J.: 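Dropping the structure in here first, questions after.
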Amino acid sequence: MPEHVWIWTAQATLPSRRGAHMPCMQEILETLESLGWEGRDLFAVEMALEESLTNAIRHGNRLDESKRVHVECRASRDRFWLRVKDEGNGFRPQLVPDCTADENLECPGGRGLALIKAYMTNVEYNECGNCVTLEKIRSTPTN
Amino acid sequence: MATHRRIKVNQSGQVTVVTFNDSKIIDEQEIQEFGQELYDLVEREDRKKIILNFGNVEFLSSAALGKLIGFDKRVKQHGAELMLSNIRPEIYEVFAITKLTKLFEIKDDEADALAAI
(Lines give C-alpha, C1' and ligand atoms only; values in the text may rest on other atoms or scores of the structure.)
Protein backbone atom coordinates (compact mmCIF):
# COMPACT_ATOMS: atom_id res chain seq x y z
CA MET A 1 0.00 0.00 0.00
CA PRO A 2 1.55 3.35 -1.00
CA GLU A 3 2.41 5.76 1.79
CA HIS A 4 -0.04 8.61 2.19
CA VAL A 5 1.08 11.93 0.71
CA TRP A 6 0.63 14.67 3.29
CA ILE A 7 0.12 18.22 2.08
CA TRP A 8 0.93 19.90 5.39
CA THR A 9 3.00 18.87 8.37
CA ALA A 10 3.86 20.79 11.53
CA GLN A 11 5.47 20.34 14.91
CA ALA A 12 5.00 22.43 18.02
CA THR A 13 6.06 22.41 21.64
CA LEU A 14 3.57 23.88 24.08
CA PRO A 15 3.97 25.05 27.66
CA SER A 16 1.78 23.31 30.24
CA ARG A 17 -0.44 26.28 30.86
CA ARG A 18 -4.21 26.52 30.59
CA GLY A 19 -5.19 27.64 27.10
CA ALA A 20 -1.65 27.32 25.71
CA HIS A 21 -2.95 24.97 23.01
CA MET A 22 -5.40 27.44 21.50
CA PRO A 23 -3.16 29.12 18.86
CA CYS A 24 -1.81 25.72 17.73
CA MET A 25 -5.32 24.29 17.53
CA GLN A 26 -6.53 27.32 15.58
CA GLU A 27 -3.70 27.00 13.06
CA ILE A 28 -4.45 23.31 12.46
CA LEU A 29 -8.18 23.97 12.01
CA GLU A 30 -7.55 26.84 9.61
CA THR A 31 -5.18 24.64 7.61
CA LEU A 32 -7.77 21.87 7.38
CA GLU A 33 -10.41 24.40 6.29
CA SER A 34 -8.07 25.58 3.55
CA LEU A 35 -7.79 21.93 2.48
CA GLY A 36 -11.58 21.71 2.16
CA TRP A 37 -12.46 20.17 5.54
CA GLU A 38 -15.86 21.26 6.86
CA GLY A 39 -18.94 20.27 8.80
CA ARG A 40 -18.89 17.17 10.97
CA ASP A 41 -15.36 16.20 9.92
CA LEU A 42 -13.94 19.53 11.02
CA PHE A 43 -16.00 19.41 14.22
CA ALA A 44 -14.57 15.95 14.92
CA VAL A 45 -11.00 17.18 14.53
CA GLU A 46 -11.68 20.23 16.70
CA MET A 47 -13.03 17.95 19.43
CA ALA A 48 -10.05 15.58 19.23
CA LEU A 49 -7.58 18.48 19.29
CA GLU A 50 -9.26 20.18 22.26
CA GLU A 51 -9.53 17.01 24.30
CA SER A 52 -6.11 15.51 23.55
CA LEU A 53 -4.21 18.77 24.04
CA THR A 54 -5.99 19.77 27.26
CA ASN A 55 -5.56 16.21 28.58
CA ALA A 56 -1.80 16.47 28.00
CA ILE A 57 -1.54 19.90 29.62
CA ARG A 58 -3.89 19.34 32.54
CA HIS A 59 -3.78 15.61 33.35
CA GLY A 60 -0.48 14.53 31.74
CA ASN A 61 1.79 17.37 32.80
CA ARG A 62 -0.53 18.51 35.62
CA LEU A 63 -0.04 22.15 34.63
CA ASP A 64 3.64 21.89 35.59
CA GLU A 65 5.22 24.67 33.54
CA SER A 66 8.62 22.96 33.61
CA LYS A 67 7.08 20.27 31.39
CA ARG A 68 6.17 20.56 27.73
CA VAL A 69 3.61 19.07 25.38
CA HIS A 70 5.00 17.90 22.04
CA VAL A 71 2.64 18.07 19.10
CA GLU A 72 3.13 16.62 15.65
CA CYS A 73 0.46 17.04 12.99
CA ARG A 74 -0.05 16.01 9.37
CA ALA A 75 -2.93 16.89 7.09
CA SER A 76 -4.17 16.32 3.59
CA ARG A 77 -7.49 16.81 1.83
CA ASP A 78 -8.81 13.51 3.16
CA ARG A 79 -6.71 12.60 6.17
CA PHE A 80 -5.68 14.12 9.51
CA TRP A 81 -3.00 12.69 11.80
CA LEU A 82 -1.96 13.97 15.24
CA ARG A 83 0.51 12.84 17.87
CA VAL A 84 0.44 14.46 21.32
CA LYS A 85 3.09 13.53 23.86
CA ASP A 86 3.37 14.90 27.36
CA GLU A 87 6.16 14.60 29.94
CA GLY A 88 4.02 13.09 32.66
CA ASN A 89 3.90 9.57 34.06
CA GLY A 90 1.24 8.41 31.63
CA PHE A 91 -1.93 6.50 32.39
CA ARG A 92 -3.72 3.33 31.37
CA PRO A 93 -6.71 4.26 29.22
CA GLN A 94 -8.35 0.90 29.88
CA LEU A 95 -8.58 1.79 33.59
CA VAL A 96 -10.51 5.02 32.99
CA PRO A 97 -14.13 4.35 34.03
CA ASP A 98 -16.63 4.14 31.18
CA CYS A 99 -18.38 7.52 31.37
CA THR A 100 -21.35 6.13 29.41
CA ALA A 101 -22.20 3.48 32.03
CA ASP A 102 -25.38 4.39 33.92
CA GLU A 103 -23.54 4.47 37.25
CA ASN A 104 -20.94 6.92 35.86
CA LEU A 105 -23.21 9.35 34.02
CA GLU A 106 -22.84 11.94 36.75
CA CYS A 107 -19.08 11.50 37.21
CA PRO A 108 -17.15 14.63 36.29
CA GLY A 109 -14.43 13.07 34.09
CA GLY A 110 -13.64 10.50 31.40
CA ARG A 111 -15.67 12.07 28.61
CA GLY A 112 -12.70 13.50 26.74
CA LEU A 113 -11.34 10.04 25.97
CA ALA A 114 -14.77 8.78 24.91
CA LEU A 115 -15.20 11.74 22.56
CA ILE A 116 -11.76 11.29 20.99
CA LYS A 117 -12.50 7.60 20.40
CA ALA A 118 -15.91 8.32 18.91
CA TYR A 119 -14.75 11.02 16.52
CA MET A 120 -11.43 9.61 15.31
CA THR A 121 -10.90 6.70 12.91
CA ASN A 122 -7.91 5.35 14.86
CA VAL A 123 -6.65 6.09 18.38
CA GLU A 124 -3.50 4.53 19.83
CA TYR A 125 -1.67 5.11 23.10
CA ASN A 126 1.95 4.23 23.72
CA GLU A 127 2.75 1.67 26.39
CA CYS A 128 3.15 4.09 29.27
CA GLY A 129 0.17 6.20 28.19
CA ASN A 130 1.83 9.61 27.83
CA CYS A 131 1.55 9.71 24.05
CA VAL A 132 -1.58 9.42 21.93
CA THR A 133 -1.68 9.09 18.16
CA LEU A 134 -4.92 9.92 16.37
CA GLU A 135 -6.02 9.60 12.81
CA LYS A 136 -9.17 10.75 11.05
CA ILE A 137 -10.12 9.74 7.55
CA ARG A 138 -12.49 12.31 6.16
CA SER A 139 -15.98 10.99 5.56
CA THR A 140 -17.11 13.68 3.14
CA PRO A 141 -16.04 12.78 -0.39
CA THR A 142 -13.35 15.08 -1.76
CA ASN A 143 -13.77 16.62 -5.21
CA MET B 1 -30.28 41.66 39.45
CA ALA B 2 -27.03 39.79 39.05
CA THR B 3 -24.75 40.73 36.18
CA HIS B 4 -23.68 37.95 33.86
CA ARG B 5 -20.73 37.78 31.49
CA ARG B 6 -21.14 34.32 30.00
CA ILE B 7 -24.92 33.89 29.91
CA LYS B 8 -28.07 35.90 29.24
CA VAL B 9 -31.03 35.34 31.53
CA ASN B 10 -34.65 36.00 30.63
CA GLN B 11 -37.75 35.28 32.64
CA SER B 12 -40.83 33.82 30.97
CA GLY B 13 -43.50 33.57 33.68
CA GLN B 14 -42.15 31.12 36.26
CA VAL B 15 -39.44 29.88 33.91
CA THR B 16 -35.89 31.18 33.61
CA VAL B 17 -34.51 30.90 30.09
CA VAL B 18 -30.73 31.00 29.75
CA THR B 19 -28.81 31.56 26.52
CA PHE B 20 -25.04 31.47 26.14
CA ASN B 21 -22.94 34.44 25.05
CA ASP B 22 -20.10 32.30 23.68
CA SER B 23 -20.53 30.17 20.56
CA LYS B 24 -17.59 28.00 21.65
CA ILE B 25 -17.46 26.87 25.27
CA ILE B 26 -13.83 25.78 25.54
CA ASP B 27 -11.75 28.23 27.54
CA GLU B 28 -11.34 26.97 31.10
CA GLN B 29 -11.66 30.40 32.69
CA GLU B 30 -14.85 31.02 30.75
CA ILE B 31 -16.18 27.59 31.73
CA GLN B 32 -15.53 28.39 35.40
CA GLU B 33 -17.40 31.67 34.99
CA PHE B 34 -20.32 30.16 33.12
CA GLY B 35 -20.56 27.39 35.72
CA GLN B 36 -20.63 29.88 38.58
CA GLU B 37 -23.25 32.03 36.84
CA LEU B 38 -25.44 28.94 36.35
CA TYR B 39 -24.92 27.76 39.95
CA ASP B 40 -25.94 31.22 41.21
CA LEU B 41 -29.30 30.87 39.47
CA VAL B 42 -30.30 28.10 41.85
CA GLU B 43 -28.09 28.74 44.87
CA ARG B 44 -28.39 32.52 45.24
CA GLU B 45 -31.47 33.40 43.20
CA ASP B 46 -33.48 30.27 44.04
CA ARG B 47 -34.86 29.85 40.53
CA LYS B 48 -36.93 26.68 40.24
CA LYS B 49 -37.55 26.14 36.52
CA ILE B 50 -34.63 26.63 34.16
CA ILE B 51 -34.26 26.12 30.42
CA LEU B 52 -30.81 26.23 28.88
CA ASN B 53 -31.22 27.30 25.26
CA PHE B 54 -28.16 26.09 23.31
CA GLY B 55 -29.11 27.89 20.09
CA ASN B 56 -25.90 29.95 20.08
CA VAL B 57 -23.57 27.09 20.96
CA GLU B 58 -21.48 25.68 18.10
CA PHE B 59 -18.87 23.80 20.11
CA LEU B 60 -18.34 22.67 23.68
CA SER B 61 -15.62 20.62 25.35
CA SER B 62 -15.83 17.79 27.85
CA ALA B 63 -14.91 20.34 30.54
CA ALA B 64 -18.09 22.25 29.70
CA LEU B 65 -20.08 18.99 29.85
CA GLY B 66 -18.61 18.38 33.32
CA LYS B 67 -19.81 21.80 34.42
CA LEU B 68 -23.32 21.13 33.07
CA ILE B 69 -23.40 17.88 35.04
CA GLY B 70 -22.38 19.78 38.17
CA PHE B 71 -25.17 22.26 37.49
CA ASP B 72 -27.70 19.47 37.04
CA LYS B 73 -26.71 18.08 40.46
CA ARG B 74 -27.22 21.47 42.10
CA VAL B 75 -30.57 21.89 40.35
CA LYS B 76 -31.71 18.55 41.80
CA GLN B 77 -30.35 19.37 45.26
CA HIS B 78 -32.43 22.55 45.27
CA GLY B 79 -35.59 20.84 44.07
CA ALA B 80 -35.54 22.77 40.80
CA GLU B 81 -36.17 21.57 37.24
CA LEU B 82 -33.84 21.79 34.26
CA MET B 83 -34.40 21.34 30.53
CA LEU B 84 -32.13 21.83 27.55
CA SER B 85 -33.33 23.08 24.18
CA ASN B 86 -32.26 24.22 20.70
CA ILE B 87 -29.26 21.90 20.57
CA ARG B 88 -27.84 21.77 17.04
CA PRO B 89 -27.15 18.30 15.62
CA GLU B 90 -23.35 18.43 16.08
CA ILE B 91 -23.75 19.30 19.76
CA TYR B 92 -26.54 16.78 20.25
CA GLU B 93 -24.15 14.13 18.99
CA VAL B 94 -21.70 15.08 21.76
CA PHE B 95 -24.48 14.52 24.30
CA ALA B 96 -25.42 11.24 22.60
CA ILE B 97 -21.86 9.87 22.48
CA THR B 98 -21.42 10.55 26.19
CA LYS B 99 -24.96 9.25 26.93
CA LEU B 100 -25.85 12.54 28.58
CA THR B 101 -29.09 12.36 26.63
CA LYS B 102 -30.11 9.99 29.45
CA LEU B 103 -29.23 12.49 32.17
CA PHE B 104 -30.69 15.66 30.69
CA GLU B 105 -34.19 16.30 29.46
CA ILE B 106 -33.76 17.72 25.98
CA LYS B 107 -36.43 19.43 23.87
CA ASP B 108 -36.19 20.48 20.23
CA ASP B 109 -36.86 24.14 20.85
CA GLU B 110 -37.61 26.66 23.56
CA ALA B 111 -41.38 26.59 22.95
CA ASP B 112 -41.43 22.81 23.52
CA ALA B 113 -39.38 23.20 26.67
CA LEU B 114 -41.61 26.01 28.00
CA ALA B 115 -44.67 23.85 27.38
CA ALA B 116 -43.16 20.86 29.16
CA ILE B 117 -41.39 22.32 32.18
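Throughout, a chain's letter reflects where its sequence line sits, starting with A, and its residues are numbered from 1. As the structure is a computational prediction, the values presented were derived from the model and not from experiment.
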J.: Same cluster or not: are B/V15 and B/V9 linked, directly or through other Ile, Leu, Val, Met, Phe, Trp or Tyr residues, by side-chain heavy atoms under 4.5 angstrom apart?
T.: no

J.: Counting only heavy atoms closer than 4.5 Å, note whether B/K24 contacts chain A via side chain, backbone, both or neither.
T.: side chain

J.: Between B/I69 and chain A, with a heavy-atom cut-off of 4.5 Å, which part of the residue counts as in contact: side chain, backbone, both or neither?
T.: side chain

J.: Is any side-chain heavy atom of A/E106 less than 4.5 Å from a side-chain heavy atom of B/K73?
T.: yes

J.: Would you find more than 12 non-hydrogen atoms of other residues, nucleotides or ligands less than 6.0 Å from B/E43 atom CD?
T.: yes

J.: Can you establish whether the number of heavy atoms outside A/R62 located under 6.0 Å from its atom CZ is more than 12?
T.: no

J.: How far apart are the closest heavy atoms of B/F59 and A/E46, and which atoms are they?
T.: CE1-CG, 3.4 Å

J.: Are side-chain heavy atoms of B/D27 and A/R18 found at a separation under 4.5 Å?
T.: no

J.: Does the side chain of B/K99 come within less than 4.5 Å of A/D98's, by heavy atoms?
T.: no

J.: When you look at CD of A/Q94, are more than 12 heavy atoms from neighbouring residues, nucleotides or ligands closer to it than 6.0 Å?
T.: yes

J.: Would you check, one step at a time, whether the test side chain to side chain contact (heavy atoms under 4.5 Å, CB included) holds for B/E28 with A/I57?
T.: CA-CA 12 Å; B/E28 287 197 41; A/I57 291 170; over 6 Å; no

J.: Would the number of heavy atoms belonging to other residues, nucleotides or ligands and lying under 6.0 Å from CG of A/N89 be above 12?
T.: no

J.: Determine whether A/Y119 and B/E93 satisfy the following criterion, side chain to side chain contact (heavy atoms under 4.5 Å, CB included), listing intermediate values before the conclusion.
T.: CA-CA 10 Å; A/Y119 281 113; B/E93 190 177 7; 3.9 Å; yes

J.: Checking B/I26 against A/M22 for the side chain to side chain contact (heavy atoms under 4.5 Å, CB included) test, could you report, in this order, the C-alpha distance in whole Å, the side-chain angles of both residues, the deciding distance, and whether it holds?
T.: CA-CA 9 Å; B/I26 307 177; A/M22 299 298 273; 4.2 Å; yes

J.: Please name the pair of heavy atoms, one in A/R58 and one in B/A63, separated by the smallest distance, quoted to 0.1 Å.
T.: NH2-CB, 4.2 Å

J.: Quick check: are there more than 12 heavy atoms from other residues, nucleotides or ligands sitting under 6.0 Å from NZ of B/K76?
T.: yes

J.: Quick check for you: to the nearest 0.5 Å, what is the distance between A/E50 atom CD and B/L60 atom CG?
T.: 10.0 Å

J.: Would you indicate whether A/E127, at its atom CD, is surrounded by more than 12 heavy atoms from other residues, nucleotides or ligands within a distance under 6.0 Å?
T.: no

J.: Should we count NZ of A/K67 as having more than 12 external heavy atoms under 6.0 Å?
T.: yes

J.: Closest approach of A/L115 and B/S62, non-hydrogen atoms and distance?
T.: CD1-CB, 4.1 Å

J.: Does B/F104 reach the side chain of A/L105, with side-chain heavy atoms less than 4.5 Å apart?
T.: no

J.: Just how far is it from atom CG of A/D102 to atom CG of B/L103, taken to the nearest 0.5 Å?
T.: 10.5 Å

